[in-house]
Amino acid sequence: MRSQDRLRDLTGLRVLAVVLGMAAVTASVALAQQGAQLRGNVPFTETPRAEPMPRWIVDDVRKMRAYPDQPPLIPHSIEGYQLSVNTNRCLSCHKREFTESSGAPMISVTHYITREGQMLADVSPRRYFCTACHVPQADARPLVENTFKDMSRMGVGHAGDNRR
Ligand code: HEC
Ligand code: HEC
């Protein structure tokens, strides 16, 4: 008697597994359909009209950072700047030696430190490919709403402020 009950339980479990599996398939199909909506409700057999290319913001105004350790955004055009093993156009302005003539902000001291913490005379290999961290900004509509609030707007007093 008991073993029969156990058998029935097992069948129940198997049915449950199949149902869960089907639910997972349905969910992924739903997700795929959502993905289709991102391309603008166009059937996959047709080619949607391409959105206009966003314009780069190249007003030369340095942007405030959202947090202290953020790699600052690039406020100028980098169109056609070569950045390869042999040539680094960015460094021709941002390297310590060249900042006097270029007027560009110097890459900070962290860019000269290796991952072992050793200070080099030249840019550290791990900071060589600038655009791995620094990005220009495009004048584009955000795909999802952004509710980010800077900490200074959340009623946090600063060191040096008089208000209590
Ligand atoms: C012709 C010189 C020149 C070149 C080449 C150049 N920059 Fe700049 N960069 C500047 C100047 C000058 C500024 C200061 C803001 C401005 O005038 O645009 C600046 C600002 C920046 C800033 C903002 C710094 C901050 O504190 O806000 C970043 C990041 C930056 N550049 C990254 C790059 C990267 C990455 C490259 C290569 C793809 C590059 N730059 C190539 C001259 C240059
Ligand atoms: C691994 C990520 C990374 C790479 C690669 C990198 N940076 Fe940075 N950069 C940062 C971060 C993070 C900061 C801000 C904190 C700091 O100074 O370390 C910064 C700061 C800067 C600043 C502002 C310095 C200051 O004192 O305000 C400039 C200019 C800059 N980087 C230029 C460059 C250039 C040019 C290159 C390529 C040669 C480069 N960075 C490569 C992460 C990176």
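Both counts, for ligands and for their atoms, begin at 1 and track the order of listing.
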Just need the protein heavy atom nearest to [atom], so name the residue and atom and give the distance.
| atom | answer |
| --- | --- |
| atom 42 (C) of ligand 2 | Arg127 NH1, 3.4 Å |
| atom 11 (C) of ligand 2 | Pro71 CA, 3.6 Å |
| atom 22 (C) of ligand 1 | Pro75 CD, 3.5 Å |
| atom 1 (C) of ligand 2 | Cys133 SG, 2.8 Å |

Heavy-atom contacts with [X] under 4.0 Å: which atoms of ligand 1 show up? List them by number with element.
| X | value |
| --- | --- |
| Cys130 | 35 (C) |
| Arg65 | 26 (O) |
| Ile78 | 38 (C) |

Answer yes or no: is there a side-chain heavy-atom contact under 4.5 Å between [X] and [Y]?
| X | Y | value |
| --- | --- | --- |
| Leu120 | Ile113 | no |
| Ile74 | Gln137 | no |
| Leu91 | Ile107 | yes |
| Tyr112 | Gln118 | no |
| Cys90 | Leu83 | yes |
| Ile78 | Pro136 | yes |
| Cys130 | Asn88 | yes |
| Arg62 | Pro72 | no |

Open item on the list: Out of Arg89, Arg126, Met106, His111, who is nearest to atom 6 (C) of ligand 2 when you count heavy atoms only?
Closed with: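 Going through Arg89, Arg126, Met106, His111 one by one, His111 has the nearest heavy atom to atom 6 (C) of ligand 2.
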Task: Minimum non-hydrogen distance to atom 17 (O) of ligand 2, winning option of Cys93, Ser108, Ala132 - done: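 Nearest option to atom 17 (O) of ligand 2, by heavy atoms: Ser108.
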Under 4.0 Å to a heavy atom of [X] - the qualifying atoms of ligand 2, by number:
| X | value |
| --- | --- |
| Thr110 | 16 (C), 17 (O), 18 (O) |
| Pro105 | 29 (C) |
| Asp69 | 12 (C), 15 (C) |
| Ile107 | 30 (C), 32 (C), 33 (C), 34 (C), 35 (C) |
| Tyr128 | 37 (C), 38 (C) |
| Leu91 | 38 (C) |

TODO: Would you check, one step at a time, whether the test side chain to side chain donor-acceptor pair (under 3.5 Å) holds for Arg127 with Thr110?
DONE: CA-CA 9 Å; Arg127 293 278 167 124; Thr110 55; 3.1 Å; yes
Checking the N or O distance criterion of under 3.5 Å, is ligand 1 in contact with [X]?
| X | value |
| --- | --- |
| His94 | yes |
| Arg62 | yes |
| His76 | yes |

TODO: Please work out whether any backbone atom (N, CA, C, O) or any side-chain heavy atom from C-beta onward of Pro72 is under 4.0 Å from ligand 2, and answer side chain, backbone, both or neither.
DONE: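 For Pro72, only side-chain atoms sit under 4.0 Å from ligand 2.
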TODO: Of the side chain and backbone of His134, name the one, both, or neither that has a heavy atom under 4.0 Å from an atom of ligand 2.
DONE: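 For His134, only side-chain atoms sit under 4.0 Å from ligand 2.
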Per-residue contact class, [X] against ligand 1 - non-hydrogen pairs under 4.0 Å:
| X | result |
| --- | --- |
| Leu73 | backbone |
| Asp60 | both |
| Ala104 | both |

Open item on the list: Given 3.5 Å as the limit, does a donor-acceptor pair link the side chain of Lys149 with the main chain of Thr147, or not?
Closed with: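 No, because the side chain of Lys149 does not come within donor-acceptor range (under 3.5 Å) of the backbone of Thr147.
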Open item on the list: Donor-acceptor pair, distance only, cut-off 3.5 Å: does the side chain of Thr87 make one with the backbone of Ser84?
Closed with: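 Not at all, since once roles are kept as given, no pair shorter than 3.5 Å links the two residues.
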Open item on the list: In this structure, would Val58 and Val61 fall into the same cluster of hydrophobic residues linked by side-chain contacts under 4.5 Å?
Closed with: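 Different hydrophobic clusters.
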TODO: Determine whether the side chains of Arg89 and Ser92 contain a donor N or O and an acceptor N or O closer than 3.5 Å.
DONE: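 Yes, because at least one side-chain N or O of Arg89 sits under 3.5 Å from a partner of the opposite role on Ser92.
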Open item on the list: For Ser77 and Glu79, which I'm curious about, is there any donor-acceptor pair between the side chains at under 3.5 Å?
Closed with: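 The criterion, which ignores hydrogens and geometry beyond distance, is not satisfied for Glu79 and Ser77.
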Task: For the student: nearest non-hydrogen atoms of Lys63 and Ile57, plus distance - done: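 It is NZ-CG2, 4.1 Å.
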Open item on the list: When you measure from atom 8 (Fe) of ligand 1 to the N, O or S atoms of Cys90, does any of those distances fall below 2.8 Å?
Closed with: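 False for Cys90.
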Open item on the list: Between ligand 2 and Asn88, is the shortest N or O to N or O distance under 3.5 Å?
Closed with: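 No; the residue has no nitrogen or oxygen that sits under 3.5 Å from a nitrogen or oxygen of the ligand.
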Open item on the list: Would Leu83 count as a contact residue for ligand 1, given that I'm defining contact as a non-hydrogen atom of the residue lying under 4.0 Å from a ligand atom?
Closed with: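 No, that is not the case, since the closest heavy atom of the residue is not under 4.0 Å from the ligand.
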